[in-house]
Every structure is written in structure tokens, then in C-alpha cells.
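Have a look at the structure below before the remarks.
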Amino acid sequence: MRRRESAKILRRLRPPAKEPGQLRQALDGIRLLGWRKSVQIAQSTVAHAYLDWRYAPPTPDWNHPGTAPGRMLAREDCPDGFIARFEHAELEVRCLGPDLVRVTWRPGLDPVPYAIGRHDWAPTTSEAELSVELSEDGGLAFRSGDGRLLRRDLPPVRHGEGWRHRAHLHADERVHGLGERALPFDLRGHTVEMWNRGPGGRYVPGVDPLYICIPVYVGVHDEGSYLVFYENPHRAHFSFKDELDARFDGGALRYYVIPGPVSRAVERFSDLTGKPFLPPRWALGYHQSRWGYGSAQEVRELVAGFERYELPLDAVELDIEYMDQYRDFTIDEEDFPDMAGLSADLEAKGVRLVMIVDAAVQEKRGYRVYDEGATEQRFCTLPNGRTMRGVVWPGWAVFPDFTDAGTRQWWGDQYRALLDAGAAGFWHDMNEPTTFSLSGEDWPPEGTCHAMEGRGGSHVEARNLYGLLMARAAYEGLRRLHPERRPWLFSRSGWAGLQRYAWAWTGDTVSTWPMLRQTVTTILGLSLSGIGFAGPDIGGYHGDPSPELYVRWFELATFLPLFRTHCSHDDPPREPWAAAKGLIDAVRVHMGLRRRLMPYLYTVAWQASQTGAPPVRPLFWEDEQDARLASVDDAFFLGDHLLIAPVLDEGARARTVALPNGWWYRLDGNEPLEGGRDVEVAAPVDHTPVFVRAGAVIPMDEDGDLTLHVYGTPARGVLYQDAGDGYGPWRVDHFRVSGDDRAHLETTSDGDFSSAALQTRLHRQ
Ligand code: MIG
């Protein structure tokens, strides 16, 4: 190799440890992994630099002026849209529905439609709800049915293999979404990257990008609102300054525009990318986890602890320690000699076991999954024909290519080993995918080859899809292996459409008050990106939260779909009785509340699976032009009827809540409060302010009795019930309560599930 070339490679080896946190993490890594694996990481870092230098696809030169479409040469109308030919580009516009337009600028390869959950769109010409105007230079304007200008796009510009797309933003336009972000709720003024990755040890507010980047956002301004989704998984950068400036490193420039209001647009987006699956009921319970529960004995003691403290427990997550040498789909027989027995004992107590699965497969002859995968060519390769390798927990490892249908099928079948050992659910980690690195570039070489269902593509295109497709492989495998059960898994990484296969969790956060506050914002952004089922590690992943911080985090998660305590291996005990020292009653109260609200929560989950409406919604959901609610990022709706105002400040024993218009009740109160103003409410350390919309019927479980709480009359509500798992009978009750003095309940029902719990009590607030 010539000297100049090696200098180039060395330059690619960016200096490690730019921040003290990174250095600490590197040292921590060496301590944890031992010297052998640390040397492997050094080797892998150098190899990565070499491979990028040799094979990385060229990145577009954004400083070059680029090529605009030029003059329009021809325009051809078709029943559901038009095609326009320009000197240097071609534009295709299709209406998939009266309020759903798909735009595609070529050249560039069309995306493999992994994000798309529905393909049978009937051609439509209607412009009743959204009209598209094309200008001679390739600019596009999108108007609502009554002529309001929702969005105006500039002609896109081609830079090498990349596309740059700019759009006007209204002066007052707010922008929300883009997947998982540790940024303010309104992303106006910010720059975000689309490149799924872990934040290393530095997950504090402000870090970007994170594990789930999705090029979808809603824009809300004085003339209306819209949702735009770029169906392009390539690495990309978005900035929202005076205008939107989006730069994709490759592919056709394809995007969808849906007119607002936001609540309707988000539901419509789920027609396109798929509805969330209905989880088994237990998944909505409380989960206890920790990186470090390392033996059957330890797990039994953990469960005994919950019994001793009389705290309900629905699931325990096993982290990588249950595996044999960190090998996927194996069990450490020494520490877990009878996993099936353990899980059966736990299940008898109503506790499910959830097992982690990492993306990387140890490269080791004699390890069945590796041998099979190698023989069947299941792993990602490099342009030189070799298998791509990286270092993760098991040392040298290889990466299944989930962009290949055969590989997904093969991978999905592997879950049998863990199902046989009694796993009821799974969590997917390191699936961005992440490799250990000294340079900070903790991902596979960019030239890594992916099948993309046969048409081929590089990691620059496939990376953001990796977690989504691993989840798909698992979900489809579980459907085949246990057709009578509903799959349940949650994933650290993903892309548009993840909700069809997995929930999400917010990853390796730090245990600080600002991070607690950030969690609300991050989860709202995920909701608006189509990922409605998510939750944090209660207490934060890295650190030692004070009892008060732990408790406030616990209180927040009580009202989020994923309700789980988890922390890193070197943190102090995080079982509720240890972490909430002195404040265990606050934990008890909220666990009780979660149980009480389960009929409501399960109904909200079912509604989400039908309509796509996320369980957790921003306060502007019902009135996006109410300026008072526009930027509220410290409260949210849970389903149609509850408004949750978590306490996010240290020492706070009261807080202000921006109540939307209308009348509101406290969850256990009977005095209606007038909304449309800010109210100050007491919030002692064991209390979370929860408000109920007047006119709501909330089904609750009061010690086993289904009780309908009625908040003023007339009132209405819904209840969904089934066996809690499987695909058997179900039942939906719609309640209407009328009458002033004596309440009169009317119920209409669908479905034929019958349950003893249907003995209902009415409780008037
Ligand atoms: O490099 O499996 O986000 O929840 O405990 C860390 C160990 C790998 C990261 C996950 C975290 C999990 C940890 N994993």
C-alpha cells in the first residue's frame, strides 16, 4: 500500500475519546470485555477504516451546485396522477387516496417497500382534500380542499447519487416527529441525522442521531397542517431553519404528503405503514429488568422480593447474561440449568420471561447458528466477497442480512429454541446494528452488501432498515411457531413500519432530571412518527437515581405503554424497594393505578391496533390551532379520555397544567374543573395529576370488579375484552350514560367473548 493511501486510511481513524464520557466508556469496555476482545476491537477499527477507504460508496458533494430538473419537456396525465418529464429528471405523482399523495423523483432506485403495510390502493383522481400544483421548474404546491397552502416544495436538486430537497416553512411552522430524538418537541431550528445508532455513554438531551431515525414529520402552521413521509431509508440529513433542507445520500426521492389535522394525518399514515399489533395483555403490565440478573437463583429471589413487598410483577427481562458466551439462541446451562422449569414456575405466578436477542452472531465453528448461517450464506458480505465481521459482546461476530426473505425466515425459526425454554416475549438489542469501535464509527463498513430482496444495496441504504427487518423476521417467525399466541417484542432500533412488529424502548439514557423530562418529548415524537408503543428504562439506564427521581420516572411510565425498570450492570440495585427507598408507597400507589386502569389501557391498545391512533398524544391533538397547547411538552393524553401531567422537576410538590378547553375531572375527584386555562395542582411525591375529560366513561378494574367510572352526564366510553392473548373471541362494549339524578346506562356490544368480569358497577364521580 502506498504511503498516501495509508495516510488516508489513518485519517479515517478518527481520534477516539473526544469526550470524557467516551474515554470512560472505552475503559469500561476493556474492563468488561477483557484484553482479548479489546485487541479485536482495535483490529476491527483499523479494518473498518480500510474497508471504508476501499469500498464506501461515494457521498454526494453537497457543495457542488448539483443538477435541477431543468425544463419540463412533457406531461402525461393518468387516472390517478401524472408523469412529467424534465431535462434531467422524471416526476411521478400518484394519488393513493383523496388525502394521500405519493411523489417520486427519479433517477435513483425506488425503495424496497419495507415500510409499507398496504399496497392495494384504488386509483383515485379526487383532489377534494389535497390538490397538487406543479410549476414549470418542478416546484410543487400542496393545498387543502379549501385552497389553504399546506406545503410548497422547491424543485429538488440531484447531487451525484443523492437528492437535496428543500421546502418552504411557514414563519410560524412547528415541526414534530422524525423518529426518536433527544431534542426539543418542536424541531424547528434544529438539524437531525438519519443514521440509526446508539449514543454510546453520552445519552443526554441534545444527542443526535439515536436508534430510531424516521424521515417523517408533521408541520403545523397558521394555514393548517400536514404530514410528510420520505420513503427513503438512505443516510440523510434534515435541517429545519428558514426552510426544510433534506439531503439523501442515494435512492429515488419518494415522499408522501397527507393533509392535517395532525390527528387524522397520523392515523392515515398508519394506513400506509401499518397498524400496531395488539399486544398480549400481560405486556401492558409491570416489567422488571436489569443487565446483570445472572442466574435462575437470582431471578427466583427477585420474584420472591416482589412477593415479599406485595408488588405486582408481570414480566422479567433477561439481558445477555442468560446466553452461553453471548451466543444468540443459546442458554447458559450452568447458571440457568432448567430454564423451561424456571419459566413454568414463574408463569404459575403470573410472571413472564422475556429474553434478549442481539443482532450479531458469534463467528465460531461448532456454534449451530453460525454454522447454519455460514452454510446458507445468511450473513452480510463485503464487496470483496468476504463475510462482514465486527466485534460485539461475543467477540468477532457476523450480521444476518435481514433484507433477504430467506434469511428472515431462517432467523425467525431460531426463536423456537427460546420459546421451548419458556420465553414469552423478546427484546432486540444492538440492532442498529452496533459494533464496538475505537473511532466512534460503531457501525459496519458503509460498503457492506445487502440483498435488498435481490436487487442489491449498500449499508448506506440498508442500515436504517436493519432493526425493522430483524423485528419483522422475529414477528413472522413467532406467528409461524406459535400461531395461537400473539407475538410480543420490543426493539431498540427501527424504521417506519416498526409498529407492525415491535414496540420500542428509549435505550441507554442517563439517570438525570433533564433526561426524565426529555423522555416525555422523545415519546411524543415517536408517537407522531407512527411508533405509538414505547417506554423508557425507569430511573434512566446509566446511573444512580435518587429515590425521588426513580419514583417520578416510575410515575411517568405508569402511563406509558412500556412500563419497565431497567439499568446497567454497574449501577446500584434498581428493584423498586431498593431504588425507591423511603418512597415505596409511591411505587405501590402507581402500580395499583396501572392495575386499575388496565381495562382502559387494554382498550386504548386495541383502538390503536384498529385506527393507528397512538396511545400517547400531544395536548394539541384535538385542537392544533390552540396556541396555548401548541408547545406543551410536559403533559400528554393517554387515549381519548385521560390527560397525564407527570411531575418532572426535583423537589416539586405542585405543578401547572395547561388544560385544554372543556371541562375536566380529577381521576378520583367529583368536582368538574373548567379548562381553557392553566391550573395549579398539588402533586405530592406519591401522586401524579391525572385529568379525565368530562363526559367520559372509564372502565377500571377495582379489585377484580369491572367498574365504570362516569365523569358527568351524558357520558360515553368503550371497553375491549378478550382472553388476553391469542386470536379467539373478543367483545367491544360501547357505553352511553344519560340522566341527571339517576344514571341510565345503555350498552351496545359487538363480538362474542364472554367474561365473568362483565358484572359492571357504575360509579358516578
Ligand atoms: O452495549 O445488553 O440498550 O438495555 O442492558 C450495551 C446490555 C448493550 C444495551 C441496551 C441495554 C442492555 C445492554 N445493551
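Note that ligands are numbered from 1 as they come in the structure, with each ligand's atoms numbered from 1 the same way.
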Geometry only, no angles: is Asp537 polar-contacting ligand 1 at N/O separations under 3.5 Å?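 Between Asp537 and ligand 1, no N or O pair is found under 3.5 Å apart.
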Is the gap between the ring centers of His234 and Trp195 under 6.0 Å?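 No, the ring centres sit 6.0 Å or more apart.
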Which word best sums up how the rings of [X] and [Y] line up, parallel for under 30°, tilted for 30 to 60°, or perpendicular for over 60°?
| X | Y | result |
| --- | --- | --- |
| Trp291 | His569 | perpendicular |
| Tyr370 | Phe379 | parallel |
| Tyr475 | Phe277 | tilted |
| His459 | His450 | parallel |

Should you measure from each heavy atom of [X], which atoms of ligand 1 turn up under 4.0 Å away?
| X | answer |
| --- | --- |
| Ile320 | 2 (O) |
| Trp505 | 3 (O), 4 (O), 10 (C) |
| Trp427 | 4 (O) |
| Met430 | 1 (O), 8 (C) |
| Asp508 | 3 (O), 4 (O), 9 (C), 10 (C), 11 (C) |
| Asp319 | 2 (O), 5 (O), 7 (C), 12 (C) |

Taking only Lys NZ, Arg NE, NH1 and NH2, and the carboxylate oxygens of Asp or Glu, determine whether Arg463 and Glu432 approach each other closer than 4.0 Å.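 No, this pair does not count.
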Rounded to the nearest 0.5 Å, what separates atom CG in Leu210 from atom CG in Leu183?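 Rounded to the nearest 0.5 Å, the CG-CG separation comes to 8.0 Å.
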Starting from [atom], which protein heavy atom do you reach first, and at what distance in Å?
| atom | answer |
| --- | --- |
| atom 13 (C) of ligand 1 | Tyr541 OH, 3.3 Å |
| atom 4 (O) of ligand 1 | His566 NE2, 2.9 Å |
| atom 6 (C) of ligand 1 | Trp393 CZ2, 3.5 Å |
| atom 9 (C) of ligand 1 | Asp429 OD2, 3.0 Å |

Over 12 foreign heavy atoms within 6.0 Å of CD, Glu333: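 Enclosed: over 12 neighbouring heavy atoms sit under 6.0 Å from CD of Glu333.
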